[in-house]
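Note sheet for the following structure.
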Amino acid sequence: MKQFERTEGLVAPLDRANVDTDLIIPKQFLKSIKRTGFGVNLFDELRYLDEGQPGQDCSQRPLNPDFVLNQPRYQGASILLARRNFGCGSSREHAPWALEDFGFRVVIAPSFADIFYNNAFKNGLLLITLPEETVDRLFREVEASEGYRLDVYLENQRVITPSGEILEFEVDAFRKQCLLEGLDDIGITLKDEDAIRDFEAKHRQERPWLFRDTAQA
Amino acid sequence: MAGQTLYDKLWSQHLVKERDDGTALIYIDRQLLHEVTSPQAFEGLRLAGRRPWRIDANLATPDHNVPTTLKERAEGNAGIADPVSLIQVQTLDDNCNEFGIEEFRINDPRQGIVHVVGPEQGATLPGMTVVCGDSHTATHGAFAALAHGIGTSEVEHVLATQCLLAQKMKNMQVRVEGQLGTGVTAKDIVLAVIGRIGTAGGTGYAIEFAGSAIRDLSMEGRMTVCNMAIEAGARVGLIAVDDTTIDYLRERHYAPRGEQWDAAVADWCNLVSDLDAQFDKVVTLDAAEIEPQVSWGTSPEMVTGIGGEVPDPAEAPDETVQRGYTRALEYMGLAPKQKITDIRLDKVFIGSCTNSRIEDLREAAKVARGKKVADSIKLAMVVPGSGLVKRQAEAEGLDKVFLEAGFEWREPGCSMCLAMNADKLGAGEHCASTSNRNFEGRQGYGGRTHLVSPAMAAAAAIAGHFVDVRNVDVRQPDAPSAAQEA
Ligand code: SF4
């Protein structure tokens, strides 16, 4: 997994609640069997004026000038500011893959959907939950000043605004450690191989019908 | 000590290890696989030189990309016209072959939508932990199984370790008491719940659905309710075990037999929340007050009763909601205060893991019997959830009811629920759909989805616009078919 310690970057505001994973990456792009290359189709239906097809050369497609990520002032953004319940809907991991591939390292919102939250951290994308009022204020600040950047430190769980204000955020210890060290969580789990085997043996004894080789069929 | 909830019991029965930081490893009994979210997981295993931990815990079937027309299906994988879809389905076949995982392939009669297939085969049992790389895995909670939708990295993690890294959720109980009105179904219950608590209302919770209206539902209805727990933000939906659960499972292919069946049933009877269990949140609905529901917007919480109207953004409770409403009305091409019954439809889709089981098809057929789809409807389609549902429906003559009324009768798959195959809406088309998501573009670029029950979808197909199914004449079959309940 990609490591994350600090990101200092331009902030793009996506002013819309309940952004679902279908919006983040529409289904036609889920046909890929790879984990990369989804960035050009991030927010495809908002970003382009035509219907996107997998494998198409997106540089020729008409852009929607009203969409925030197409505006010149937000080019190169690596921090996405979003509204409540970001990432709701399907479990497609293609959503964080697309955000990452596009260049985002951080998403800040008042709340995130559960599955998306898990998926993001497994791909080195840091999700920061801040109170609704704070997010509201950040939206106003971003819109008011072009070139608005934030500095995000994972180690001490802080976001620093251009005025030097410090916003603290919560993140659970395990996810934080995995992200800081770029750890592979399968490798970590397999360190508990013996505990899993012991559990499995006991579980099989108590409920043999859950295992096809000990189930009476 | 206070009693345990059903969720607490399932959690502690599968807890392998709890870490100091609050995360835990829970053991997974069953993983269901489909073609869209598994290729990168198998690839990850191969790259790391790992093998699946327990082959027999896995069961696979392609569903999202498969064509639903008879002609294409007759050709098997070769009938998949889109080369990218074809690669995905073939990749699933190849991976299952390579690792020895049981798969119901495209033309196996047991193939179907993974959430229809699991329970139908008895591959989902009470007391199990079930995962699938699909958010609607919540469906399986109808059997008092702890079922999580997971992402692709987690699919790989479960393949490699038979465990999921999880954090314990909070407990919510949604109680639906009393009797549903005639023509009001499980779908209306769950849409009403989402309308009440919102699409983030269940975030961080496992929702247990309880109350007399839930107990009165068949297993099919319970699956419909749990299926959409995720639309309320909850990764997990649950319903306690009772006789309905046990009767459904008897003799299913993977269900235990003989003495093991008796032992299993005795064990399953404990899969209920203790009377003194504490929930972090309780929501109560009166079943008698639930009307047939129709969604008008682009989020499942944007829903109202058939007697209602589209809201006026000017009356929204806050600015974010107002912007959401305005944007949704624009996308949906609807006016503030427009009556729901005035929404005209172009297409009708009866199917998806929410509503493609035999009972759903019976409900829709009851309404469609002896009537005709309105001329203004360009396409009305019925897509059974699995090959076995299709066979059963045909044995009951439901296919004829639909065909005579002017519906298309298709082969099983996800179909127009998310339009990864050829079945989709055109831009601007309104569709009455029995699926679970009305997100922008979900059923096709620019398509406008209205979520409803199968009976409401059938009634809308006949009328050409939404109507209250409670006022529609329903004709019973002339003579009960001998094949019924076969
Ligand atoms: S029917 Fe729809 S919601 Fe269900 S698994 Fe298929 S695509 Fe997902």
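Only heavy atoms go into these numbers, but all of them, side chains included; no hydrogens, no water, no symmetry mates. Numbered from 1 within each chain, the chains take letters A, B, ... in sequence-line order.
- Using a distance-only test at 3.5 Å, with no hydrogens or angles considered, a donor-acceptor pair links the side chain of A:K31 to the main chain of B:M420.
- A:D172 places none of its side-chain heavy atoms less than 4.5 Å from the side chain of B:D21.
- In this structure, B:D29 contributes its side chain and A:L210 its backbone to no donor-acceptor pair below 3.5 Å.
- Contact of A:D198 with chain B is not made at all, since no heavy-atom distance falls under 4.5 Å.
- Heavy atoms of A:F112 lying under 4.5 Å from chain B belong exclusively to its backbone.
- Salt bridge annotation for B:E319-A:R16: absent, with no cationic side-chain nitrogen under 4.0 angstrom from a carboxylate oxygen.
- When heavy atoms are compared at a cutoff of 4.5 Å, A:K27 approaches chain B by way of both its backbone and its side chain.
- Proximity to chain B is absent for every atom of A:S111, based on heavy atoms less than 4.5 angstrom apart.
- Taking the charged nitrogens against the carboxylate oxygens, B:D318 and A:R83 have no contact shorter than 4.0 Å, which rules out a salt bridge.
- Using a 4.5 Å heavy-atom threshold, the side chains of B:W53 and A:L190 count as touching.
- Under the side-chain contact (heavy atoms from CB on, under 4.5 Å) criterion, B:A206 pairs with B:Y7, B:M169, B:V236, not counting sequence neighbours.
- In this structure, the portions of A:R197 lying under 4.5 Å from any heavy atom of chain B include both its backbone and its side chain.
- Applying the side-chain contact (heavy atoms from CB on, under 4.5 Å) test to A:L180 and every residue at least two apart in sequence or in another chain returns A:E5, A:L154, A:E155, A:K176.
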